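Throughout, a chain's letter reflects where its sequence line sits, starting with A, and its residues are numbered from 1. Just so you know, these numbers come straight off a predicted model, no measurement behind them.
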Amino acid sequence: MSLITVERKILEKNDELAEQNRMIFARRGIFVMNMVSSPGSGKTSIIERTISMLKDKLRIAVIEGDVQTSLDAERIDALNIPVVQIVTNGSCHLDAPLVRDAFSKFTDDKIDILFIENVGNLVCPAAYDLGEAMKTVIISTTEGDDKPLKYPAMFRNSEVLIINKTDLLPYINCKIDDIIHNAKSINPDLKIFQTSCETQEGISEWCDYLIARSGTNEKKN
Amino acid sequence: MHEVSIAQEIIDIVRNYLPDDKDTSVKSVKVAIGEFSSIHAESLKFGYKILTEDTNLQNSLLNIENIPLSVKCHDCGAESILGEPLFFCPVCSGSKVEIISGTEMKVVEIEIYD
């Protein structure tokens, strides 16, 4: 019997391409944000509100990821923002090769912030590096206060948590403090925003954070 | 977390390491899977079995070494294994803990018959 030593990461192909993506984004000065959540939490709506607030200050582009349809890309396109739709035809997460291919389709030279809206899924996107600078995880007030405990990898691997749909709080049994407590027990460093895409609550705080975190305010000076 | 496609990645890596000699017979493949990697061991074994059927890896075993989730506390310095993914130091209850193991997904070694 012989032993062949391997010691190779199983997802190395994806990780290597993600690093290449990361280098391309760095060279082009693009801050890349991977937006993750369950289906229906409000990823696209938050991106829409962010675009409306920031598009006169910086150049935004979006990569949309869905199993089927280009409905989300159409929403972004209606705001006159460069967008590419990835249709995965069944894959439940985006990966680095899909993002590389989508990114090559942008014709604009100058992008300050690139949002990648991942497929709605709180499990698999946690494991697939796309080359992003950071992840923002979104949960909405209707999903259950225990979700951070049930999906710890996603909350551990994100820098920001957006608790969305605060306008529904008067009608549902949701305790924001419990969501925050649960989220912080997984990741005490999470920066947390509470937002509503209906009332605009929290959107400008999130946008101020985005400008600072992405370094675009320094670039503009 | 779609263990079948993970099994396929394992098989692809193994094939890269096998000698070109077609008579090579693989007894086992050892992988290290961290408890916090979202991979379910039994499903992974099942996926490996399905994908290696009717191939030269058909009778090889997938040995899964389970790596526990462990953290180092930046407050008291203790290194501890966590029984569940709640990120507090079991020694001092501090929350400034860094994961030191438990997220691995790697192919460790291949055992072949001489």
Give the minimum heavy-atom separation between A:Arg8 and B:Ile13, together with the two atoms involved.
-> CB-CG2, 4.2 Å
How many angstroms lie between [atom1] in [X] and [atom2] in [Y], if you round to the nearest 0.5 Å?
X	Y	atom1	atom2	result
B:Asp114	A:Ser2	CG	OG	3.5 Å
B:Ser5	A:His93	OG	NE2	6.5 Å
B:Lys30	A:Ile4	NZ	CD1	15.0 Å

After noting the C-alpha distance and the side-chain angles of B:Ile39 and A:Ile10, does the key distance pass the side chain to side chain contact (heavy atoms under 4.5 Å, CB included) rule?
-> CA-CA 12 Å; B:Ile39 298 290; A:Ile10 293 171; over 6 Å; no
Starting from the C-alpha separation in whole Å, work towards a yes-or-no answer on side chain to side chain contact (heavy atoms under 4.5 Å, CB included) for A:Cys92 and B:His2.
-> CA-CA 9 Å; A:Cys92 52; B:His2 38 75; 3.3 Å; yes
Minimum side-chain heavy-atom gap [X]-[Y] below 4.5 Å:
X	Y	result
A:Arg156	B:Pro85	no
A:Leu11	B:Ile6	yes
B:Ile110	A:Thr5	no
A:Val6	B:Val108	no
B:Phe88	A:Pro188	no
A:Met1	B:Ile112	no

Options A:Ile186, A:Val123, A:Asn14, ranked by heavy-atom pairs under 4.5 Å with chain B, top entry = A:Ile186
Who pairs with A:Phe155 by ring-ring contact (aromatic ring centres under 6.0 Å, His included), at least two apart in sequence or on another chain?
->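 With sequence neighbours excluded, A:Phe155 shows a ring-ring contact (aromatic ring centres under 6.0 Å, His included) to no residue whatsoever.
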So which of B:Ile99, B:Thr103, B:Val29 has the largest heavy-atom pair count under 4.5 angstrom toward chain A?
->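 Greatest number of close heavy-atom pairs with chain A: B:Ile99.
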Does atom [atom1] of [X] have more than 12 heavy-atom neighbours from other groups under 6.0 Å away?
X	atom1	value
A:Asn173	CG	no
B:Lys96	NZ	no
B:Phe46	CZ	no
B:His74	NE2	yes

Please determine if A:Lys13 and B:Asp12 form a salt bridge, counting it only when a charged side-chain N lies under 4.0 Å from a carboxylate O.
->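 Between B:Asp12 and A:Lys13 there is a salt bridge, with a charged N closer than 4.0 Å to a carboxylate O.
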Part of B:Ser95 within contact of chain A (heavy atom distance under 4.5 Å) = both
Please state whether the side chain, the backbone, both or neither of A:Tyr128 comes within less than 4.5 Å of a heavy atom of chain B.
-> side chain
